[in-house]
Engineer: 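Below is the structure I would like to discuss, written out as structure tokens.
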Amino acid sequence: MDTVVGFLLAGVGNVDLRRKTNYLIVDSKTTVKQIEDAFKEFTSRDDIAIVLISQYVANMIRFLVDSYNKPVPAILEVPSKDHPYDPGRDSVLSRVKYLFSAESVASGRR
């Protein structure tokens with residue numbers, strides 16, 4: 001929630017005429033279904049270029065995050081103040097490591 005509030009204070013949040021937001025505040029009452037629906041909506045909108053999601057919340061919908069493979073919007077997993085960041089669970093970081101290791105093998109740099 002603190003991350004969302006920070007971005008809202010910076011002017012990044014938006015509410016359109018239909019009262020649709022470009023953010024979701026996840027708390028103890030938010031269901032996994034609501035998170036899944038928001039992720040699907042945000043990743044299909046053409047007015048969103050980056051989806052910031054805490055790693056803790058991303059772990060709740062890990063199958064969706066890991067299966068997402070489009071370049072835009074980019075998915076960035078960020079740490080939250082209550083849950084430590086684990087680089088081993090970050091799907092984007094894992095893909096980057098894979099691409100660089102595959103590139104190293106292809107170019108004979110290993």
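Since this is a predicted model, take the numbers as computed values, not measurements.
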Engineer: Who passes side-chain contact (heavy atoms from CB on, under 4.5 Å) against Thr31, sequence neighbours left out?
Structural biologist: Lys33, Gln34
Engineer: May I have all residue pairs that pass salt bridge (charged side-chain N to carboxylate O under 4.0 Å, His left out) and include part of residues 52-67, sequence neighbours excluded?
Structural biologist: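 Every salt bridge (charged side-chain N to carboxylate O under 4.0 Å, His left out) pair that includes a residue of residues 52-67, provided the two are not neighbours, is Arg62-Asp66, Arg62-Glu77.
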Engineer: Could you list the donor-acceptor pairs under 3.5 angstrom formed by side chains in residues 7-15, with sequence neighbours left out?
Structural biologist:
none

Engineer: Got a donor-acceptor contact below 3.5 angstrom from the Asp27 side chain to the Thr30 backbone?
Structural biologist: yes
Engineer: Go through Phe63 and Glu36 one step at a time and tell me if the side-chain contact (heavy atoms from CB on, under 4.5 Å) criterion holds.
Structural biologist: CA-CA 10 Å; Phe63 65 97; Glu36 290 172 359; 3.3 Å; yes
Engineer: Using 0.5 Å steps for rounding, measure from the CG atom of Leu64 to the CD1 atom of Ile35.
Structural biologist: 10.5 Å
Engineer: Consider only side-chain heavy atoms of I, L, V, M, F, W and Y, link residues closer than 4.5 Å, and tell whether Val5 and Tyr23 are in one cluster.
Structural biologist: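 Yes, one cluster joins them.
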Engineer: Who pairs with Asp47 by side chain to side chain donor-acceptor pair (under 3.5 Å), at least two apart in sequence or on another chain?
Structural biologist: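 Residues passing side chain to side chain donor-acceptor pair (under 3.5 Å) with Asp47: Arg45.
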Engineer: Please list, chain by chain and in numerical order, all residues satisfying salt bridge (Lys or Arg N to Asp or Glu O under 4.0 Å) with Lys81, sequence neighbours excluded.
Structural biologist: Asp2
Engineer: What residues, two or more places apart in sequence or in another chain, satisfy side-chain contact (heavy atoms from CB on, under 4.5 Å) together with Asn69?
Structural biologist: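 Applying side-chain contact (heavy atoms from CB on, under 4.5 Å) to Asn69 gives none.
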Engineer: Could you work out the complete set of other residues in the hydrophobic cluster of Leu17, with links drawn between I, L, V, M, F, W and Y side chains under 4.5 Å apart?
Structural biologist: none
Engineer: Enumerate the salt bridge (charged side-chain N to carboxylate O under 4.0 Å, His left out) contacts for residues 12-21, please, sequence neighbours excluded, ordered by first and then second residue.
Structural biologist: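 Qualifying pairs, neighbours excluded: Asp16-Arg18, Lys20-Glu41.
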Engineer: Sequence neighbours left out, what passes salt bridge (Lys or Arg N to Asp or Glu O under 4.0 Å) with Asp82? Give chain and number order.
Structural biologist: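 Scan of Asp82 (salt bridge (Lys or Arg N to Asp or Glu O under 4.0 Å), adjacent residues dropped) gives none.
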Engineer: Using the ring-ring contact (aromatic ring centres under 6.0 Å, His included) rule, collect all pairs that involve residues 71-91, keeping only residues at least two apart or in two chains.
Structural biologist: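 Output for this query lists Tyr56-His83.
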Engineer: Going by side chain to side chain donor-acceptor pair (under 3.5 Å), name the residues that satisfy it together with Thr21, two or more places apart in sequence or in a different chain.
Structural biologist: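 Thr21: no side chain to side chain donor-acceptor pair (under 3.5 Å) contacts found.
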Engineer: Hydrophobic clustering (ILVMFWY, side-chain heavy atoms < 4.5 Å, transitive) - are Leu24 and Met60 grouped together?
Structural biologist: yes
Engineer: Partners of Val51 by side-chain contact (heavy atoms from CB on, under 4.5 Å), sequence neighbours excluded?
Structural biologist: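 With sequence neighbours excluded, Val51 shows a side-chain contact (heavy atoms from CB on, under 4.5 Å) to Phe42, Thr43, Ile48, Pro73, Ile75, given in chain and number order.
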